[in-house]
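Shown next, in structure tokens, is the structure this report addresses.
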Amino acid sequence: MVAPEVRVEQTRRRLALLREEGLVGRITLPQAGRTRVWFPTAYGVQLACEWPELRGRRPSRTVSDPTAVRLKADHTLTVTETALVFLEDARRRGDVCEPLDWITEVHHSIGSGEAVIPDALLYYRRGPVGGEGG
């Protein structure tokens, strides 16, 4: 998603280093052919929320909980695969849709303490990157 030209082995090595530093965790899904699912630790979420690109975003309270990650993995992977389709198509078309333009579980208050939390919010602009009139 972020670096499509990078081979999967290099991504796995980078994730292993992040795991050693306590920034990400990993679970294995036995029912999905032993698929590994990576997720941010509480420390990783804390640090990432300080990035300028992520300031003001409120992550899910369960994003760093291994049990919640395991229980929501199928749904989360489906939402991520949907994001990848949008990103790949935007790149193919030359449109503007970057990885951070896909934001999951955005909290939208509707008053009286209630909220709507969709699976994702997408920012997509037709037209070239840096171009006018998109």
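Keep in mind it's a predicted model, so treat the numbers as computed, not measured. Along the sequence shown, residues are numbered consecutively beginning with 1.
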Taking C-beta and beyond as the side chain, do [X] and [Y] meet within less than 4.5 Å on heavy atoms?
X: F39; Y: D65; result: no
X: L54; Y: L100; result: yes
X: R92; Y: E88; result: no

Cluster question for you: counting only ILVMFWY and a side-chain heavy-atom cut-off of under 4.5 Å, with indirect links fine, are V45 and V79 together?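 Cluster IDs for V45 and V79 differ.
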
Out of the candidates L15, L18, L17, only one should pair with L23 under the side-chain contact (heavy atoms from CB on, under 4.5 Å) rule; please name it.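 Among L15, L18, L17, the one that satisfies the side-chain contact (heavy atoms from CB on, under 4.5 Å) with L23 is L18.
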
Rounded to the nearest 0.5 Å, what separation is found between the [atom1] atom of [X] and the [atom2] atom of [Y]?
X: R91; Y: E98; atom1: CZ; atom2: CD; value: 6.5 Å
X: R13; Y: R7; atom1: CZ; atom2: CZ; value: 7.5 Å
X: Y124; Y: F86; atom1: OH; atom2: CZ; value: 8.0 Å
X: L77; Y: L84; atom1: CG; atom2: CG; value: 10.0 Å
X: L71; Y: T62; atom1: CG; atom2: OG1; value: 9.5 Å

Closest approach of [X] and [Y], non-hydrogen atoms and distance?
X: L29; Y: A73; value: CD1-CB, 3.7 Å
X: R125; Y: D95; value: O-CB, 3.5 Å
X: L122; Y: C97; value: CD1-SG, 3.6 Å
X: I110; Y: V116; value: CG2-CG2, 3.9 Å
X: W38; Y: A16; value: CH2-N, 4.1 Å
X: A42; Y: S64; value: N-CB, 3.4 Å

Measure from the side-chain N and O atoms of T104 to the backbone N and O of D119, and report whether any donor-acceptor pair falls under 3.5 Å.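 Checked: no pair found.
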
Report, as yes or no, whether the 6.0 Å neighbourhood of atom CZ on R36 holds more than 12 heavy atoms from other residues, nucleotides or ligands.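 No, CZ of R36 has 12 or fewer neighbouring heavy atoms, counting only those of other groups under 6.0 Å.
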
